[in-house]
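Here the structure comes first, spelled out in C-alpha cells, and everything after it is commentary.
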Amino acid sequence: MIEFVLDSRSKVNTYMQLVQQVKQALRVGLLAPGDQLPKVRDVAQSLAINPNTVLKAYRELEIEGLVGGRPGVGTFVQRTLAGASLPNQAELRDDLVAWLRRAQAAGLTAEDVVALVETTLRATLTDDTPQKEPARAVRED
C-alpha cells in the first residue's frame, strides 16, 4: 500500500501532491489494478490534513479513470500507468540508486539532485524533440 508524504516547501497544492504520488506509484508498478488506496480518514490523520483534501485528490483520480470508489469499502485502482518499460525499471532503479549514492558522496543535496535531473531532462527532451518551423504569414492579394 502507498504511504503518502507531503513536501511543505512545495508550491504544489496538497491534493495535487497526493494525486502525483498515486500516478508515480502507478507508473512504476507499486500500485496495480485492484489495489486499495489508504482510507481517507487514515491519510488525513497521518498527514494532519483535512479529509476533504484527500477526498479531492481521490475524486481527481476517479475523474481520470485511474481509481474507483466503492461506498463503505474504499477506493481501488482501476487501471495502471505502467508502460511496456516496467520490466526494465528494476535494473534502471538499481543504477539510479548507485548514482544517487555517488551524488550524495559528492556533496549534492536533494535539491541539487532534483535541479540536476530536471535541467538534464529538459535539455535531453529538447534535443530529441523535432523543432517546429515558425508559422509563416499568408498574404492574400
Q: May I ask you to test the P38-M1 pair for a side-chain heavy-atom distance under 4.5 Å?
A: yes

Q: Mind running side-chain contact (heavy atoms from CB on, under 4.5 Å) on Y58 and V40 for me, showing each step along the way?
A: CA-CA 9 Å; Y58 284 14; V40 170; 3.9 Å; yes

Q: Please report the closest heavy-atom contact between A44 and V54, naming both atoms and the distance.
A: N-CG2, 4.0 Å

(Q) Is it true that, when you exclude Q104 itself, more than 12 heavy atoms of the residues, nucleotides or ligands shown sit nearer than 6.0 Å to its CD? (A) no

Q.
Other residues, nucleotides and ligands only: do more than 12 of their heavy atoms fall within 6.0 Å of CZ on R93?
A. no

Q) Between T80 and L26, is there a donor-acceptor pair closer than 3.5 Å when you use the side chain of the first and the backbone of the second? A) yes

Q: Using the test side-chain hydrogen bond (donor to acceptor under 3.5 Å, both in side chains), find all partners of K23 that sit at least two apart in sequence or belong to another chain.
A: E64

Q. When rounded to the nearest 0.5 angstrom, what is the spacing between CD in Q17 and OG in S8?
A. 8.5 Å

Q.
By the salt bridge (charged side-chain N to carboxylate O under 4.0 Å, His left out) test, which pairs, at least two apart or in different chains, include something from residues 109-120?
A. R9-E111

**Q.** Spacing of CD belonging to E62 relative to CG belonging to L37, to within rounding of 0.5 Å
**A.** 10.5 Å

Q) What closest approach, in Å, do Q21 and F4 show between heavy atoms, and which atom pair accounts for it? A) OE1-CA, 3.3 Å

**Q.** Q24: side-chain hydrogen bond (donor to acceptor under 3.5 Å, both in side chains) partners, not counting sequence neighbours
**A.** none

